[in-house]
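Notes for the one structure printed next.
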Amino acid sequence: MSLRVYNTLTRQKEEFKTVVPGQVAMYLCGPTVYKPSHIGHMVGPVIFDTIKRFLAYSAYKVKFVINITDVDDKLIVKAAEKGTTVDALAKEMTQDYFDNLKTMGVDSVDIFPYATEHIQEMQDIIATLIKKDFAYPLDGDVYFNVPKDKDYGKLSHRNIEEMMAGTRVEATDRKRNPADFALWKAAKPGEPSWESPWGPGRPGWHIECSAMSRKHLGDTIDIHGGGLDLMFPHHENELAQSECCTGKTFSRYWLHNGLMQAGKTSGKVGGGHSREGDLAESQQEQEAGKIAGSKGAASVKELFKVHHPETVRFFLLATHYRSPIDFSDDNLLQTGKSLEGFYRLFETYEHITKQSFYALKASTTRAGSVELKGEPAAYFQELADYRTRFLDSMDDDFNTGGAVGTLFELRKTLNAFINDQKLEGAGASNTAAVAALTTGLTLLRELSLLLGVFRDPIAKAAAADDGFSNELMQLVLDLRAEARKSKNWPLSDMIRDRLTALKVVVEDRPDGARWKRG
RNA sequence: GGAGCCGUCGCCAAGAGGCCUAAGGCAGUGGAUUGCAAAUCCGCCACCGUCGGUUCAAAUCCGACCGGCUCCUCCA
């Protein structure tokens, strides 16, 4: 099966064909760095990070760019509020963004270009647009002339006449047409500004992406991504500017991810108060303070105090990227629970082989995928089927939700194999069976790494790593083992009950007792 | 008012004309296993918002309706 992607431009799934065979240029609209990231800011990066992993696995050479918007109205307002400079605020919030990306396991981004470092490139585009009569200067501003662009509206599937019919034409509006948008804004006192042929000023909202995408990825890119909320006007305008400037296709595929929603009933999320609509304010808020009285969504850092980042990432990928995501503590808690079985399997595997799942060497390419041959044939056949289904799901418009499903099925097969072969007990010395198990775990590692999950051991509770506690626990369990040997059930049960009360879970496995803090 | 999205088991969520008498997870439940538990495995647990239509065939296409949601601009 070959890759098919849903293209917003055509509103259908299309076969994926890149400009340059074997290479992918991918651009994702990044944040305006004026406040700490909330979970909505992480959705796009996690999804496109996963897309990049899969494309790379599928033998594409991918260049992935996320921009940082470090000049904007919201920044100016916020900096003034906080009594700091735009530059200082932007730097602080950019760092926050980077921290959060790292925690979420988003590490495949090649370049993070800054808007303020591309003023010249923006001006070049504006100058070309003026020359081609697609834009006009007006008292220090420069506007894009929307009616001049006959393709305008093709991305968001709107037609200009209808739009204008619905637009209130202000008597004071100086623009030639209400739909025209600013490419360059004349400087106001106290605001950051740059020299330009049209006088000192700063860029409009959309021009930065056109400029940075062009500079780092070329006139025509393969994938342009962003939240659904950015489709109009941001992407529509970007598209118009870029194509009118270069005369070429701006992006072959437009991928829009669904937005987070704070469910009406979900109430608090990650410890922060959220009202309906707050989260949907989304990836790149277009208007600061749009929702009056809004406290805003919980910051990502607050969220991580309550939910493990891996749980959050898994949760985001368990739903199709184009669907809205109902974000709530309950949902996250359920996801966390569903992951425990994986962690337990990894633990069991380590007990059997004395080797960590996390140390398994997995292929990062489809061509190098682990070989699934051997005995028992039925077991290997199942593994092969899961791999096929997982990859087919991903090939079908990056259906991570379907792919996640096969991961759970794979887990079940692996556990069943351990049971059948008694690998925790009598079968432990069956080296062929243990090797077969390792093959299965290697497949699991290969596939889960594609989603960017189960990359590293999750941090255990601090006390569990404390040598003294470990030895003490070993002592208690040894004593209990003695009691069990002499069938002193009341005593062994008492020990277990008392430990349970201390939130220590004891499991009597075939190869001995195992404990962990609950 | 205009444009668009969504409605699949108690909850989350794949599937997008026949392989669906609908994947997977969480919860529930019966069993195997266990001294008892825990964990694990096996089994059970949905006719796909409603009503019509198209078709040999629809959860999947069309229409209406009901319910949920988003966007409609950088000037305010």
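Letters go in sequence order (proteins before strands), and every chain restarts at 1.
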Nearest of B:rA39, B:rU73, B:rC41 to any side-chain atom of A:Asn415? B:rC41

Can you say whether a donor on the side chain of A:Arg496 sits under 3.5 Å from an acceptor on the base of B:rC36, or the other way round? yes

Return the nearest nucleotide to the side chain of A:Val505; candidates are B:rU40, B:rC11, B:rA38. B:rA38

Quick one: look up who B:rU73 pairs with, Watson-Crick or G-U, both distances under 3.5 Å, and put none if it's unpaired. none

Rounded to whole Å, please give me the gap between CZ in A:Phe315 and C1' in B:rG25. 12 Å

Taking only side-chain N and O atoms of A:Lys516, does any of them lie within less than 4.0 angstrom of OP1 or OP2 on B:rA39? no

Do A:Glu310 and A:Tyr343 meet the criterion of a side-chain donor-acceptor pair at a distance under 3.5 Å? yes

Nucleotide opposite B:rA64 in a Watson-Crick or G-U pair, distances under 3.5 Å: B:rU50

B:rC42 to B:rG35 separation - C1' atoms, rounded to the nearest Å: 23 Å

Do A:Arg509 and A:Glu347 sit within salt-bridge range, that is, some charged N less than 4.0 Å from a carboxylate O? no

Sort out the partner of B:rG10 for me: Watson-Crick or G-U wobble, both distances under 3.5 Å, none otherwise. B:rC26

Can a donor-acceptor pair under 3.5 Å be found between the side-chain atoms of A:His206 and the base atoms of B:rC74? yes

With a 3.5 Å cut-off and just heavy-atom distances, do the side chain of A:Asn399 and the base of B:rG15 make a donor-acceptor pair? no

Ring pair (Phe, Tyr, Trp, His ring centres under 6.0 Å), paired with A:Phe16, selected from A:Phe54, A:Tyr6, A:Tyr253: A:Tyr253

Taking the side chain of A:Asp396 as heavy atoms from C-beta outward, which of B:rG15, B:rU73, B:rC75 is closest to it? B:rG15

Whole-Å P distance, B:rG43 and B:rA23: 13 Å

Atom NZ of A:Lys337 to atom P of B:rA38: distance rounded to whole Å? 14 Å

Rounded distance (Å) that lies between atom P of B:rG25 and atom CD of A:Glu409: 7 Å

Donor-acceptor contact present, side-chain A:Glu507 to main-chain A:Arg514, <3.5 Å: no

Given RNA chain B, 5'-ward residue of the pair A:Gly401 and A:Phe181, judged by closest heavy atom: A:Gly401

Which base sits across from B:rA58 as a Watson-Crick or G-U pair, both distances under 3.5 Å? none

Of all heavy-atom pairs between A:Val71 and A:Pro203, which one has the smallest distance, and what is that distance? CG1-CG, 4.3 Å

In whole angstroms, the gap separating C1' of B:rU73 from CH2 of A:Trp205 amounts to 8 Å

Whole-Å C1' distance, B:rC5 and B:rC9: 24 Å

Integer angstrom distance from the C1' of B:rU54 to that of B:rC61: 8 Å

Residue whose nearest RNA chain B nucleotide is more 5′ - A:Thr348 or A:Phe408: A:Phe408

A:Arg389 has a side chain; which of B:rC36, B:rA23, B:rC11 sits nearest to it? B:rA23

Considering only B:rC74, B:rC12, B:rC41, which nucleotide approaches the side chain of A:Asn237 most closely? B:rC74

Looking at the side chain of A:Ser323, which of B:rA14, B:rC41, B:rC72 is the nearest nucleotide? B:rA14

Tell me whether the side-chain N/O atoms of A:Arg344 come closer than 4.0 Å to OP1 or OP2 in B:rU40. yes

Is the terminal nitrogen or CZ of A:Lys74 (NZ for Lys, CZ for Arg) located under 6.0 angstrom from the six-membered ring centre of A:Tyr34 and within 45° of that ring's axis? yes

Please measure how far the C1' atom in B:rU60 lies from the corresponding atom in B:rC20, and state the result in whole Å. 10 Å

A:Lys485 NZ to B:rG35 P, straight-line distance once rounded to whole Å: 16 Å

Looking at B:rU33, I'd like to know if its phosphate oxygens (OP1 or OP2) sit under 4.0 Å from a side-chain N or O belonging to A:Lys422. no

Please measure how far the C1' atom in B:rC51 lies from the corresponding atom in B:rG7, and state the result in whole Å. 16 Å

Check: A:Tyr349 ring centre within less than 6.0 Å of A:Phe357 ring centre: no

Among B:rG35, B:rC11, B:rC74, which nucleotide has an atom closest to any side-chain atom of A:Asn331? B:rC11

Between A:Arg411 and A:Ser338 the two heavy atoms that sit nearest each other are NH1-O, 2.9 Å

Can you tell me, in whole Å, how much space there is between the C1' of B:rC66 and that of B:rA32? 47 Å

Need one value for A:Asp180: base, sugar-phosphate or nothing, where a base atom within 4.0 Å counts as base even if backbone is also close, heavy atoms only. base

When we call it a touch if two heavy atoms are under 4.0 Å apart, what does A:Arg514 touch: a base, just sugar-phosphate, or nothing? nothing

Distance between C1' atoms of B:rU33 and B:rU21 (Å, rounded): 32 Å

May I have the distance from A:Arg411 (atom CZ) to B:rA23 (atom P), rounded to whole angstrom? 17 Å

With heavy atoms under 4.0 Å as the rule, sort A:Val404 into base, sugar-phosphate or nothing. nothing

Kindly point out which of B:rC74, B:rC26, B:rA37 is positioned nearest to the side chain of A:Asp73? B:rC74

Can you tell me the distance, in whole Å, between the NE2 atom of A:His235 and the C1' atom of B:rC72? 17 Å

Shortest side-chain distance from A:Thr319, nucleotide among B:rC74, B:rU40, B:rA14: B:rA14

When we call it a touch if two heavy atoms are under 4.0 Å apart, what does A:Thr406 touch: a base, just sugar-phosphate, or nothing? nothing

salt_bridge(A:Arg389, A:Asp392) N-O dist < 4.0 Å: no

Rounded distance in Å - CG (A:Asp392) to P (B:rA23): 18 Å

Presence of donor-acceptor pair under 3.5 Å, side chain of A:Asp326 and base of B:rC12: no

